[in-house]
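These notes concern the structure reproduced below.
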Amino acid sequence: MTTGYVYHEIFGWHDTGTHAGLFPSHPQAGIQPLAHVENADTKRRLHELLVVSGLMDHLVRVRPRPATEEEILRVHDRAHLDRVKAQSLLPKGGDAGDGLSPFGQGGYEIAALAAGGAVEAVDAVLAGRVDNAYALVRPPGHHAEPGRGMGFCVFGNVAIAVHHALAVHGLERVAVLDWDVHHGNGTQKAFYADPRVLTISLHQDDVFPPHSGRRHERGTGEGLGTALNVPLPAGSGDGAYLYAMDTVVTPALRAFRPQLIVVASGFDASAMDPMAHQMVTSEGYRALTTRLLDTAAELCGGRVAMSHEGGYNPTYVPFCGLAVMETLAGVRTLDDPFLPIVSGFAGQDLQPHQRDAIDAAIAVPARDRT
Ligand code: ZN
């Protein structure tokens with residue numbers, strides 16, 4: 001397998017400041033300055049592990065380039081783009097829209113490079129330069145909605161890349177699998193009425209955004225049936241995620257017959273993540289990737305492009321990302337030293353209440369396309 005890899009050191013310079021996790025410091029309210037939970041560490045350390053493990057020697061570097069305004073405007077409205085651009089000129093930067101998504105001076109250019117990195121990953125796969133690709137971009141994108149950024153996301157990287165595949169490559173059916181632990185609301189919203197794009201989100205039930213990603217959110221109009229949400233109970237581990245993959249995701253992909261699969265790849269469903277309460281291990285992510293590649297080989301010539309989203313444990317995200325990229329590339333390097341611990345957590349196997357929740361998420365073929 002030839003696997004493309006997008007990264008640029010400047011992604012680590014996207015400045016989310018000295019927030020206390022989520023909120024700006026506020027001494028009178030007792031909020032002490034520290035670091036924003038979405039900081040460079042997880043991404044930078046994943047990149048460094050790729051180098052040190054030797055996996056990098058098996059990857060094909062794909063250069064990111066800034067997404068153009070035309071590309072960004074396929075997803076976002078002009079007011080959002082102009083607002084980010086204007087605040088990006090300020091010495092202390094601004095916020096993408098919800099007060100949780102700060103960026104520093106020059107943040108527009110870095111966010112545009114992240115979106116363009118996802119576009120380049122899709123381009124490399126569709127042009128056949130690589131078999132599959134992983135874009136380790138920052139800031140993330142899957143929460144950004146047409147009119148505003150949110151949840152640490154400035155622009156919808158995956159949505160912009162999918163629109164590129166439709167508009168420039170002329171694809172007619174693209175599927176997005178979002179395994180970030182939070183709901184991929186932005187990507188869903190971008191294509192909610194669009195029958196050309198199937199969005200599937202596996203997420204912890206009702207974490208972020210609040211009240212988003214319910215099973216009844218299935219698309220609208222022409223796009224009815226092309227949104228699929230699988231809210232998982234807190235505490236879901238490898239067993240639940242693989243059961244969801246086998247019983248919901250794979251059948252939905254088979255029914256939709258995508259020409260390309262794009263993955264919004266967050267590692268905040270890991271057992272070590274501070275922002276959610278799932279228990280997935282690096283081997284769980286490896287197995288999800290293996291199943292996805294098998295399905296992609298069957299449906300779309302193995303064409304898979306992944307774009308990085310969340311994941312907030314700086315010591316464990318790198319091993320989850322390494323497992324995914326090893327699988328994409330068909331190479332093994334280092335063992336995950338945490339695995340004996342996290343795989344032994346009680347409840348890793350599918351639990352009855354998890355099975356019930358997953359069974360309730362009906363795999364919906366959008367329509368009869370034959
Ligand atoms: Zn997330």
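Counting starts at 1 for both ligands and their atoms, in listed order. It should be emphasised that the depicted structure is a prediction, and the values quoted were computed from it without experimental measurement.
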With a cut-off of 3.5 Å and sequence neighbours excluded, list every side-chain donor-acceptor pair involving residues 7-14.
| unit_1 | atom_1 | unit_2 | atom_2 | d |
| --- | --- | --- | --- | --- |
| His8 | ND1 | Ile10 | N | 3.0 |

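- Counting only N and O atoms by type, the side chains of Asn185 and His142 include no donor and acceptor under 3.5 Å apart.
- Note on the Zn ion (ligand 1): protein N, O or S atoms under 2.8 Å away count 4, no waters included.
- In this structure, the ring pair (Phe, Tyr, Trp, His ring centres under 6.0 Å) partners of Tyr108, at least two apart in sequence or on a different chain, are Phe155.
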For residues 313-335, run the donor-acceptor check on the side chains, cut-off 3.5 Å, and write out each pair with its distance to 0.1 Å, sequence neighbours left out.
| unit_1 | atom_1 | unit_2 | atom_2 | d |
| --- | --- | --- | --- | --- |
| Asn313 | OD1 | Thr315 | N | 2.8 |
| Asn313 | OD1 | Thr315 | OG1 | 2.7 |
| Asn313 | OD1 | Tyr316 | N | 2.9 |
| Asn313 | ND2 | Met272 | O | 2.7 |
| Tyr316 | OH | Ser282 | N | 2.9 |
| Tyr316 | OH | Asp336 | OD2 | 2.7 |
| Glu326 | OE1 | Arg286 | NH1 | 2.9 |
| Glu326 | OE1 | Arg286 | NH2 | 3.1 |
| Glu326 | OE2 | Thr333 | N | 2.8 |
| Glu326 | OE2 | Thr333 | OG1 | 2.4 |
| Thr327 | OG1 | Ala323 | O | 2.6 |

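- Between Phe152 and His36, the distance from one ring center to the other falls under 6.0 angstrom.
- Both the sub-6.0 Å distance and the 45° axial angle are satisfied by Arg355 relative to the ring of Tyr243.
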